[in-house]
Amino acid sequence: MNTSSTPSDFLRTIISRDLAQGNISDVVVRFPPEPNGYLHIGHAKSSTLNFGLAAEYGGRCHLRFDDTNPETEDQIYVDSIKQDLRWLGFDWGEHEYYASDYFETLFEWACQLINKGLAYVDDSQENLIRLMRGGVTTPGVHSEFRDRSPEENLELFHAMRSGEFQDGSRVLRAKIDMSHPNMKMRDPLMYRIRHATHYRQGDQWCIYPFYDWAHGQSDAIEGVTHSICTLEFSTNRILYDWYLDALEISARPRQYEFARLNLDYHVTSKRRLISLVQEHVVDGWSDPRMPTLAGLRRRGVRPEAIRSFCQSIGTTRVDSSHHPSLLDHHIREDLNHLAPRIHCVQDPLPVTLSNWPNDHVESLSAPYWPHDIPREGSRTLPFSGELFIERGDFSEDPPKGFKRLTPGGIVRLRHAYMIRCTNVEKDDHGHVTRLVCEWIEGTQSGTKDSDLKPKGTIHWVDVHNSSEAIVRVYQQLLSVPSVEDDLWSSLNPFSLIEHRHARMEPSVTQDSLDQRYQFVRLGYYWRDGTCADSEKPIFNCIVALRDSSVKKDASSQPSQTQVVKDKTLQKKSTADQRPLTPNEEQWLRRSGLNRAVGLAIYGVSEAVAFFDAASASAPRVSVGNWMANHLLPALKDQSISDLPFGPNEFAELVQLADREIGSAHEIRETLKRMFDTGEHPAVLLSTIQESFVSDPETLKEIALEVLHEYEDRVEAYANGKVGLLGFFIGQVMRRVHGHANPKLIQEIVSQELARMTS
Ligand code: ATP
Ligand code: MG
C-alpha cells in the first residue's frame with residue numbers, strides 16, 4: 001500500500017485522490033502490448049509503471065495482449081513478451097487477457113450502437129472516407145451512407161461479419177460529428193474487413209475492430225480503473241470516453257497519458273526494430289546492441305538495473321529523451337557490488353621480462369574486490385615473466401598526459417611488480433610485435449614503497465597461464481541521437497567491435513557460466529550464453545567502466561587485429577580534417593555538436609544565436625542536425641533574419657520530427673511550407689498529413705525513397721519475385737498515410753521499377 005502522504009507524480013496523485021474520495025475501491029491497471037514485436041526499453045518504462053502502481057496500491061495489473069490486427073501479430077511475440085515481463089520480475093497471476101477474446105462482446109456492443117443510431121455501415125472506399133474527414137481548418141463531409149436505418153445497418157454489419165464482402169469494401173463507423181474540431185471524432189472507423197487468419201482466433205473473424213473501439217471497451221470488460229498510455233493518445237481520450245458513454249457503461253475506466261521514454265542513440269520504434277532484424281543489420285531481436293529486453297538480457301544487463309533506471313526517470317507529461325549514459329549508470333551501480341574484479345587483456349601485446357629467472361613461475365595472490373567493497377575472496381595469478389598487456393597501454397610516441405608504458409618508462413603491473421620498458425620489437429611494417437622489459441625486483445605490490453615512481457598501473461595476464469576468449473564490445477547502434485532522414489545512414493559502423501584474441505586469467509575457467517565480472521580497467525562483462533558451445537568462450541561487454549574512458553582511450557578504436565562487423569555500414573564520410581581555430585573548438589565543446597554539424601552552423605551569420613534559442617526548447621543535437629542538414633541549405637541567399645519564422649517555431653518542428661509525429665518526408669515538406677507561409681509547423685504538418693497526395697512528382701519522390709531503401713527487394717523483383725510490387729505499393733501508401741490513389745501509386749512504382757531494373 002502506498003502510505004506516503006505526498007504522491008511522487010501526477011498519476012499517483014490522481015490514484016490516491018480516487019481512493020481517498022471512494023471513486024474506486026481497488027486499483028486495476030493494465031499493460032497492453034500488441035504482439036507484433038519484442039518488448040523494448042520503452043515498454044520496460046510502461047510495464048514498470050503499471051506493475052509498480054499495482055504493487056504500491058495493493059491492486060492488480062493485467063497483462064492484456066492488444067491483438068486486433070491479424071496481419072502483424074504472432075504467437076512468437078506473445079511468448080517473448082511473457083518471457084521478458086517475467087524476467088523483469090512482474091507477475092500478473094491469472095490476469096492474462098487477449099483483446100481478441102472480446103471480439104464477440106465488442107460485436108454485440110457495436111450492434112447496440114447501431115440500434116441506437118450511433119453507428120453505420122459506410123460503403124465508401126477508405127481513401128474517400130479519409131478525404132471526406134476534412135482538415136484541421138475545414139469541416140468534414142457527410143457520407144452518402146450516413147443516414148441508413150438501424151435495420152439496414154444491422155443487416156449489413158452481420159453480412160460483413162459473415163464474410164459476404166471483400167476487404168476494404170465497407171467499414172462500420174461511429175456516428176458522431178463530422179465538423180468536430182477533434183479529427184478523431186469525425187465519424188471514426190470501428191471495424192474494417194480483413195480476410196486474414198488471426199494467430200489466436202484463426203479464421204473465425206473477417207472483421208476486425210480498430211484500436212479506439214477495442215481499447216476502452218477491453219478496459220471496461222476487465223474492470224480497469226486507470227488506463228495509462230503514452231502522450232500521443234491524448235487526442236484519442238475524447239473518443240475513449242464517447243464510446244463508454246454511448247454504451248452507458250457505469251464502472252468507468254479513465255485514460256491518462258504520460259510521456260514516452262526515448263533513449264538517444266537508440267531506436268525505440270517497433271517498426272524500425274523490425275527492419276533492423278529483417279535486414280540482418282543485427283543478430284536478431286536479442287542482439288546485445290538492441291534496446292530490446294531480450295538484447296539487454298543477452299548483453300548481461302540485470303532486470304534490477306532496468307527497473308531502477310525506469311523508476312529514476314519518473315513519470316511526467318513532458319516529452320524528453322534520455323542520454324544512454326543514464327541507463328549505463330544504473331547498470332554499473334547494479335553490478336559494482338556483484339562482479340569480482342579479474343584481468344582480461346582484450347588486445348594483447350606480448351611482453352618479455354629479460355631478467356626474470358628462467359622457468360620460474362610465481363603465484364601471486366590477488367583480491368577479487370577493491371578496498372571500498374569489504375568482501376573476502378581472492379585468486380591466484382601465475383606470473384612467469386612472459387606476459388600480455390593491452391596494446392593500448394603502450395605508446396612509443398606518447399601524447400601529453402599518457403599514464404602508461406613508454407620506451408624507458410616504468411609502470412606497475414597490477415597485483416605484481418614494476419617493470420621498465422627497455423626494447424621495442426617490430427615487424428617489417430613497423431608494427432610493434434613485442435616489448436622487452438626489465439623486472440624491477442623488490443617492487444611487489446603490497447611491499448614497502450620504493451623510490452621509483454611508476455607512470456601508472458596496468459593490467460596483464462600470463463602468456464602460459466591464460467586462455468583465449470572472444471570479447472565483444474558494443475557501442476550504441478546509432479551514430480546520431482535520433483534517426484535523421486533514414487535509419488540506414490544513421491547506424492554506427494562501430495557498434496560492435498570484436499576482439500578475437502583476448503586473453504583471460506586462468507581463474508575464470510573454474511567459475512560458473514553466468515558469473516558477471518569486472519574486467520579491471522575495462523568494464524563489466526559476462527559470458528554470452530547463446531554461444532556457449534563455441535571453442536573459445538565469448539564475453540559480452542555489459543557496460544564500460546566509464547563513458548569517458550572508452551571515448552578517450554585509443555584502444556577502444558578498432559585496431560588491425562580486431563574484426564569489425566557490419567562492413568556494409570562503414571560508409572561514413574571522413575570529412576574535412578583541417579585543424580580547428582580556438583573559437584571553433586570552443587563552440588563545438590559548448591554546443592555539444594559533432595564537427596560537421598557544428599561547423600556548418602558556426603559558418604553562417606546569426607545561426608549560432610538561432611541554434612541557442614531553438615535548443616532552449618528542443619534537444620540540441622536534433623536542432624543542430626535539422627539546421628545543418630535542412631534549414632541552412634534551404635536558405636540559399638536569404639539570411640536567417642529574413643525567415644518568416646523564428647527559432648521557437650523551428651524548435652517545434654524539430655520536436656515533431658523527434659517524436660516521429662511526422663515522417664521525414666512530411667517534416668521536410670512542413671519546413672518547405674514554413675519558408676513560404678511562416679505558418680505554425682503543427683498546423684502545416686496536420687494539413688499535409690490530411691491532404692490527399694495527387695501530385696505525381698511527390699509520389700515519385702516517395703516511391704524512389706522506398707525503392708532505394710529496399711534495394712535488395714528490388715533485385716528480387718527483377719529476378720522474378722513480381723509479387724513484391726504489392727509490398728512497394730504498400731510502403732508508399734504507408735508513407736502518405738493512405739492519402740493517395742493506389743492506382744496512381746501502382747503506375748508510378750511500376751514505372752520506376754521498370755526504369756531501375758531495365
Ligand atoms: P511502437 O510505437 O514502438 O510500435 P507501441 O506503442 O505500438 O510501440 P505497444 O505494444 O502498443 O507498442 O505498447 C504497449 C504499451 O507500452 C503501450 O501502453 C504503450 O503506450 C507503451 N509504450 C510503448 N512504447 C513506449 C515508450 N517508448 N515509452 C513508454 N511507454 C511505451
Ligand atoms: Mg501501440
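Bear in mind that the values here come from a model prediction, so they are computed numbers and not experimental data. Remember, it's 1-based here, ligands and their atoms both numbered in the order they're listed. Sequence positions, counted from 1, serve as the residue numbers for this chain.
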Atoms of ligand 1 close to S269 [distance to a heavy atom under 4.0 angstrom, numbered from 1]: 3 (O)
Answer with side chain, backbone, both or neither: which part of S47 has a heavy atom less than 4.0 angstrom from an atom of ligand 1? neither
Which of the atoms in ligand 1, numbered in the order shown and given with their element, are less than 4.0 Å from a heavy-atom of R260? 2 (O), 3 (O), 24 (N), 25 (C), 26 (C), 27 (N), 28 (N), 29 (C)
Counting from 1, what ligand 1 atoms have a heavy atom of P33 closer than 4.0 Å? 10 (O), 14 (C)
For the 3.5 Å polar cut-off, considering only N or O atoms, please tell me whether T230 and ligand 1 meet it. yes
Q83 and D79: side chain donor to acceptor below 3.5 Å: no
Could you check whether the rings of Y38 and W285 sit parallel, tilted or perpendicular, using 30° and 60° as the cut-offs? parallel
If we number the atoms of ligand 1 from 1 as shown, the ones under 4.0 Å from a heavy atom of P32 are 14 (C), 18 (O)
So, do F103 and Y208 have ring centers that fall under 6.0 Å from each other? yes
Taking the six-membered ring for Trp, is the centroid-to-centroid distance between Y199 and Y77 below 6.0 Å? no
L261: numbered ligand 1 atoms lying under 4.0 Å from its heavy atoms: 26 (C), 27 (N), 28 (N), 29 (C)
Ring-face cation contact, Y98 with R64, 6.0 Å cut, 45° max: no
Atoms of ligand 1, numbered as shown, that sit under 4.0 Å from any heavy atom of F31: 15 (C), 16 (O)
Using heavy atoms and a 4.0 Å limit, tell me yes or no: is H40 in contact with ligand 1? yes
Relative to ligand 1, is F233 under 4.0 angstrom through side chain, backbone, both or neither, heavy atoms considered? neither
Carboxylate-amine/guanidinium contact E126 R192, below 4.0 Å: no
Polar proximity ligand 1 side, K45 side, N/O cut 3.5 Å exclusive: no
Name the orientation class of the two ring planes belonging to F727 and Y710 (parallel below 30°, tilted from 30 to 60°, perpendicular beyond 60°). perpendicular
Going by atom types alone, do T48 and R307 pair a side-chain donor with an acceptor below 3.5 Å? no
What about the rings of Y256 and H226, do their centers lie closer together than 6.0 Å? yes
Need the ligand 1 atom indices (1-based, order shown) with element for anything under 4.0 Å from a heavy-atom of T268. 3 (O)
Counting from 1, what ligand 1 atoms have a heavy atom of E34 closer than 4.0 Å? 9 (P), 10 (O), 11 (O)
